[in-house]
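Encoded as structure tokens, the structure appears first; notes follow it.
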Amino acid sequence: MKLIILENYSQASEWAAKYIRNRIVQFGPGPGRFFTLGLPTGLPRDHPESYHSFMWNNFFKHVDISPENVHILDGNAPDLQAECDAFEEKIKAAGGIELFVGGIGPDGHIAFNEPGSSLVSRTRVKTLAMDTILANARFFDGDLSKVPTMALTVGVGTVMDSREVMILITGAHKAFALYKAIEDGVNHMWTVSAFQQHPNTVFVCDEDATLELKVKTVKYFKGLMLVHNKLVEPLYSMKEMGAERSQSKKPYSD
Amino acid sequence: MPSNKSVSDAPIVQFTNCRILRDHQLQREDLWVREGKILNPEKLFFDEKGSADVQLDCKDSIIAPGFIDVQINGGFGVDFSLATDDFKSGIDLVSQKILSHGVTSFCPTLVTSPPSVYHQVLPQISVRNGGAYGAGILGAHLEGPFISKEKKGAHPEHCLRTFEAGAFQDLLATYGSLDCVQIVTLAPEMRRSSEVIQELTKRGICVSLGHSVANLSQAEEAVQHGATFITHLFNAMLPFHHRDPGIVGLLTSDKIPAGRRVFYGMISDGIHTNPAALRIAHRAHPKGLVLVTDAIAGMGLAPGRHTLGQQVVEIDGLNTYIAGTKTLSGSVATMDTCVRHFQEATGCSVETALEAASLHPAQLLGIEHKKGTLNYDSDADFLMLNDNLYVQATYIAGKEVWRQDVLGM
């Protein structure tokens, strides 16, 4: 695992963005060679503040992605389990997820894999925990009765199959979950802990999120920042990559 | 990027690198247009899996809805109140020329005239969409002849009329036809005006109060019967008085029926209204302010003598008077000049200034679902402006109909 500790939310976001950019550029995507970016799912489709609107406004409208290359789990599908199975097939067809980017809940869940979810689970229908429903109430004018109680989600196993996993954790309210994820054992009550068994995981967090970690852990990883920052500097761009492809080094790994 | 639509084959244009006026704010967003309407890119992306056929870099321009001028008497030598043989080509000329002022829709205005003029001219005005040939025509604005003698301004006294005898029938007989009429300005203190206002409102015609000596209660009664506009506030009406504010008092009246808003036209050319008065009106009732030019035939031409219906007017710089007097008669200001002057005089935001010339007139005429905004599914009539609010390009139904020459024109 690489633990990247930045000072605050903006710096953590920026580091993560640069890292993802470099990964995409160095992968050298093109027609027929897809860089498959995995992201956790969210709210059902038919809500104005839906996940689709969220993704459009915060991501898709800013980049030149073709709509055919966007696959979002459809919470309104007639046969939900079939929808989930089809999603798993689409991932396989695209060559597997290259990089999965997600966050964790205060209860340590990844995507909607709430405490108690199997660590080898696949994409499926999940009933949401009360904590999650409360957290989502802000999208429904604070009216708890309007918040959906079920969601489709990628499984822990699905994410574990990705070639690389990046988890973003910011804020003091996530500190305990981060502690459970990396300093305690692998436990299905804190599903993020499953990534201790993944060969390529990056945790990007801010100072506040480290509040429950041992001082020793924090000092150790802060000491590695000089090396870790080489992953984001220099910042590559698609235009330059053509010339540099021949001289590209293998990305640093721990 | 290839387009991919099952809904329509029409090309999709994406205007990028711009700031668009939406939800009363300038937002850094792209503007998407298809088939002459503003397109919702999110629906296009997820529902149709479509994308843009053409992307245009707007070089950081401001994109605002096209201006709507609801009071313009002519321009470039054309006078809408003169029944000439080539009236149609006159209106076409004006509609084409005002594109460079940012006007994409307008109401050709007729001042007080003898019935024969109305009977000849009105059938030649037809409501039509704009395009490369010129701005769209929303309908005629008939300013007079049912106005007050004391406040006739530049209107010819011998043509003034009342509707005491036959109320609405008198009005209909005078005008001949109301088919393409969008606005009528009248003086509400005239006897039987309430009946007339109700009848006009029933037919979807906007009634405006102006050239009048009405007091506040008469004005309020007119509003209760359906009037929604005030023609060039302050001009040709009783001045504000603290014990009887007159028509000006409508801006803060508490007798306006619920759910209705009174709009008021302002000629912000720096001459018709002192900037301090403009500020008072704007601060009292900012959401009702509608910028109008009240432009006359001399607009766009060199100083000198021109006509305004039955009168002769003299133009000297921005001042236009009835020849030989100091009575103001219309203006030669252009709409974009009015927008800039309004913004400078009031210190309001760019968004407010732009909305006074686009959103508010659209709301006045009840057409804001398709004009006056950049909301999804609205008509794609818009302008590209620089930060100083100079129009760089005008678009109607998504097509460029005018562009500022770099060398100046």
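Atom set for the values below is all heavy atoms of this structure, side chains included, hydrogens, waters and symmetry mates excluded. So that the names make sense, note that chain A is the first sequence line, chain B the second, and so on, each numbered from 1.
Remark: Asn40(B) CG to Trp56(A) CH2 distance equals 8.5 Å, nearest 0.5 Å.
By the neighbour-count criterion of 12 heavy atoms within 6.0 Å, atom OH of Tyr133(B) is densely surrounded, having more than that number from other residues, nucleotides or ligands. Open room surrounds CG on Asn129(B); 12 or fewer heavy atoms of other groups in view lie less than 6.0 Å from it. Residue-environment remark: CD (Glu14(A)) stays at or below the threshold of 12 foreign heavy atoms within 6.0 Å. Within 6.0 Å of NZ in Lys90(A) there are more than 12 heavy atoms belonging to other residues, nucleotides or ligands.
Classified by interplanar angle (parallel below 30°, tilted 30° to 60°, perpendicular above 60°), the ring pair His52(A)/Phe46(B) is perpendicular.
In terms of heavy-atom proximity, Pro67(A) sits nearest to Phe45(B) at CB-O, 3.4 Å. Here the shortest heavy-atom pairing between Glu68(A) and Lys49(B) reads OE2-O, 3.6 Å.
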